[in-house]
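Counting begins at 1 with the first residue of the sequence.
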Amino acid sequence: MKQIIKIEVSARKVAMDECKTDLLCVGQFAEAKTLDKATKQLDARLGGALSQVIELGDFKGEAGSSTLVYTGGKIGAKRVLLVGLGDKKKAKPDVLRKAAAVAAKRAVAIKAKKIAIALHPAFGNKIDLVRSGQLTTEGIYFGSYIYDEFMTNKKNGRSESLSVELTDNNAAAVRKLNNGAEIGSIIGQSQSLARTLANRPPNVMYPEKLAAEAKKIVAGLPGLSCTVFDEKQLKQKKMGGIIAVGQGSEHKPRMIVLKWTPKSTKKSGTVGLIGKAITFDSGGISIKPSAHMDVMKMDMTGGAVVLATMKAVAELKLPVKVTAVICAAENAPGGQSYRPGDVITTYSGKTVEILNTDAEGRMVLCDGIHYAKQLKCEPIIDIATLTGACMVALGMHKAGLMGNDERLIKALSTAAERGGEPVWHMPSGDEYTEELKSKIADLKNIGSKYGGACTAASFLGEFADETKWAHLDIAGPMEPSEPLKKYVGAGSIGFGVRLFVEYLKALAGK
Ligand code: BES
Ligand code: ZN
Ligand code: ZN
């Protein structure tokens with residue numbers, strides 16, 4: 001298999017016009033009549049080529065837009081890329097991340113090997129430079145990523161690597177940007193890993209393989225451990241939910257447990273992250289329609305994101321204890337499959353009447369949540385491509401966020417904002433749980449026709465019980481929404497890695 005593009009980011013003290021590079025990227029706000037001081041100098045050396053593009057109206061500085069200008073050897077760079085930053089009044093830190101993504105995406109498209117990014121001075125006053133370096137680097141990873149492991153056609157391919165320099169004239173600024181780039185590289189690499197795992201075809205990526213990936217990651221990271229329960233151990237432990245979902249497939253289920261133990265921590269508790277990793281969701285006996293069924297290879301996004309987060313946490317050495325429980329199974333139809341009508345005794349002892357085998361995510365997660373509770377994790381946060389209903393409610397732009405603790409919801413909302421991975425708080429519990437009452441078991445696995453995202457969350461809430469718990473339904477942002485496609489390629493976007501890392505960084509006081 002081909003390697004995913006290799007990215008390197010570092011900061012360097014260099015003047016914009018002197019920087020020798022394939023592509024020099026400079027930001028420009030919408031409706032800005034003039035260029036900033038440094039870009040003006042660049043423009044002068046280019047004989048007004050940049051201001052001309054703006055005056056002609058070919059480039060308006062809109063967010064997500066970019067225009068390529070050829071330099072004819074007048075400066076160190078072969079090309080200049082004007083990158084739109086959108087409305088200056090609306091500029092949030094995420095603008096930096098997105099602009100870097102546009103630049104990196106374009107750089108890969110033109111097969112540039114070496115690019116330079118000059119931060120717009122307007123951000124210098126507003127955002128701390130370490131954070132600017134982090135956000136820009138995250139954006140570079142996000143925008144440059146293409147899933148092409150199985151592409152053998154080299155002619156239409158891309159460069160093997162992309163080396164990025166963040167340029168600044170000031171040595172102290174360069175140091176800060178470099179610190180940020182280190183953090184951003186860890187987060188960006190982790191997010192790309194989550195994307196690759198989720199994008200891998202289901203004949204290649206199944207529970208056993210995901211477990212092997214987890215073991216591989218852990219091997220290189222002191223303080224991070226991994227235990228895998230195979231189907232025999234799952235049976236021994238009476239983890240009825242995950243066994244039921246996985247029993248119809250040749251590829252048997254696995255529960256993958258990772259523990260991060262930092263050298264020192266002031267926090268006593270352990271955060272539990274639970275990920276849904278259905279490596280392919282056919283729906284099982286309640287089989288899905290065939291159109292677009294292929295995208296259900298990404299039904300393991302939650303698990304991939306949790307695994308990638310653990311890698312980032314260990315690399316960042318965050319001083320907070322975290323345990324991850326990844327519930328991996330393939331939901332396949334067959335003679336051994338669980339069926340509508342079955343009553344399953346879950347790991348918690350609660351019984352569930354199955355009315356639709358396509359509502360399988362909650363059946364694996366309930367065992368994962370109960371296991372995390374036994375390990376005394378609190379809070380417990382699960383992440384899952386759980387319901388089509390959440391997509392109907394929120395579109396592909398935002399993830400649904402439910403939970404039983406206001407402070408946790410607040411902290412996760414803040415982390416989502418900082419990570420540029422938007423969420424929307426939705427209700428769960430009470431009347432939704434009422435809908436899950438079964439005549440023959442403790443619970444049914446589906447509610448009524450309406451509010452499916454909320455009943456699914458409420459089902460999980462029954463297993464969290466008194467433990468502080470939150471749930472992220474990432475069915476919508478499993479893939480990029482239409483506006484996001486300006487910044488990011490097709491397939492998984494690894495939604496949740498940046499959110500989780502920001503949440504854990506804040507917990508660790510970093
Ligand atoms: N994996 C799906 C949810 C999904 C749908 C994720 C589209 C991403 C994009 C989940 O397992 C599922 O099939 N849910 C059912 C639940 C229903 C049977 C109650 C759904 O949403 O239709
Ligand atoms: Zn399903
Ligand atoms: Zn599913």
Side-chain angles (χ1 to χ4, degrees), residues 9-21 23-55 59-69 71 74-77 79-104 106-107 115-140 143 164-181 183-184 418 420 487:
V9 188
S10 61
R12 185 160 74 100
K13 182 177 176 313
V14 62
M16 252 205 234
D17 49 350
E18 256 145 50
C19 186
K20 282 203 168 47
T21 185
L23 182 70
L24 171 65
C25 310
V26 291
Q28 178 77 1
F29 285 104
E31 316 300 340
K33 295 277 179 298
T34 55
L35 299 166
D36 67 82
K37 205 173 134 207
T39 314
K40 229 180 224 157
Q41 263 173 18
L42 199 66
D43 188 43
R45 287 206 45 191
L46 290 170
L50 302 181
S51 43
Q52 196 182 17
V53 173
I54 295 166
E55 273 157 28
F59 174 75
K60 297 190 181 69
E62 279 162 10
S65 71
S66 65
T67 294
L68 207 52
V69 179
T71 63
K74 293 191 188 108
I75 57 168
R79 312 167 183 89
V80 171
L81 187 70
L82 289 169
V83 182
L85 301 174
D87 189 345
K88 194 170 181 179
K89 279 180 244 115
K90 285 194 204 149
K92 293 187 291 186
D94 192 48
V95 168
L96 257 181
R97 195 188 270 123
K98 288 224 168 87
V102 166
R106 194 85 192 247
I115 71 167
I117 297 183
L119 293 187
H120 195 284
F123 292 107
N125 311 325
K126 272 197 188 157
I127 313 172
D128 164 75
L129 278 169
V130 177
R131 184 140 172 83
S132 289
Q134 180 194 326
L135 295 172
T136 307
T137 307
E138 286 176 6
I140 291 163
V164 187
E165 281 179 345
L166 312 180
T167 65
D168 201 295
N169 253 335
N170 178 299
V174 165
R175 267 197 302 279
K176 285 189 182 170
L177 287 173
N178 257 327
N179 288 345
I183 300 168
R418 278 179 72 81
Y487 308 95

side-chain contact (heavy atoms from CB on, under 4.5 Å) for Met16 and Val26? Distances and angles first, verdict last.
CA-CA 9 Å; Met16 252 205 234; Val26 291; 3.6 Å; yes
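- In plain terms, the two heavy atoms of Ile75 and Asp17 that are nearest each other are CB-O, 3.5 Å.
- The line from CZ of Arg79 to CG of Leu24 is 12.0 Å long, rounded to the nearest 0.5 Å.
- A pairwise comparison of heavy atoms in Cys25 and Ile115 identifies SG-CD1, 4.4 Å as the closest pair.
- Considering CG of Asn169 and CD of Glu18, their distance stands at 9.0 Å, rounded to 0.5 Å.
- For Arg106 (side chain) and Leu81 (main-chain N/O), no donor-acceptor pair under 3.5 Å exists by modelled atom type.
- No side-chain donor-acceptor contact under 3.5 Å links Lys13 to the backbone of Asn170.
- Nearest heavy-atom pair, Ile117 versus Ala103, reported as atom, atom and distance to 0.1 Å: CD1-CB, 4.4 Å.
- The shortest distance between side-chain heavy atoms of Lys37 and Pro121 does not fall below 4.5 Å.
- To the nearest 0.5 Å, atoms CD (Gln41) and CG (Asp36) are separated by 10.0 Å.
- Side chain of Asp43 to backbone of Ser51: a donor-acceptor contact under 3.5 angstrom is found.
- Here the NZ atom belonging to Lys88 is positioned 9.5 Å from the CD atom belonging to Gln28, to the nearest 0.5 angstrom.
- Annotation: side chain of Arg418 is in contact with side chain of Arg131 (closest heavy-atom distance under 4.5 Å).
- Atoms CD and CG, on Gln134 and Asp128 in that order, are 10.0 Å from each other to the nearest 0.5 Å.
- Among all heavy-atom pairs drawn from Thr137 and Gly184, the shortest one is CG2-C, 3.6 Å.
- Counting all heavy atoms, side chain and backbone alike, Ser132 lies closest to Leu96 at OG-CD1, 3.6 Å.
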Could you walk me through whether Arg97 and Asp94 pass the salt bridge (charged side-chain N to carboxylate O under 4.0 Å, His left out) test, one step at a time?
CA-CA 5 Å; Arg97 195 188 270 123; Asp94 192 48; 2.6 Å; yes
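- The aromatic rings of His120 and Phe29 lie perpendicular to each other, with more than 60° between the two planes, well past the 30° mark.
- Across Ile54, Leu50, Leu68, Val83, a single residue satisfies side-chain contact (heavy atoms from CB on, under 4.5 Å) together with Phe59, and that is Ile54.
- Here the closest heavy-atom approach between residue Lys126 and residue Ala91 is recorded as NZ-O, 4.1 Å.
- Partner of Leu119 under the side-chain contact (heavy atoms from CB on, under 4.5 Å) criterion, chosen from Asp168, Thr136, Leu166: Thr136.
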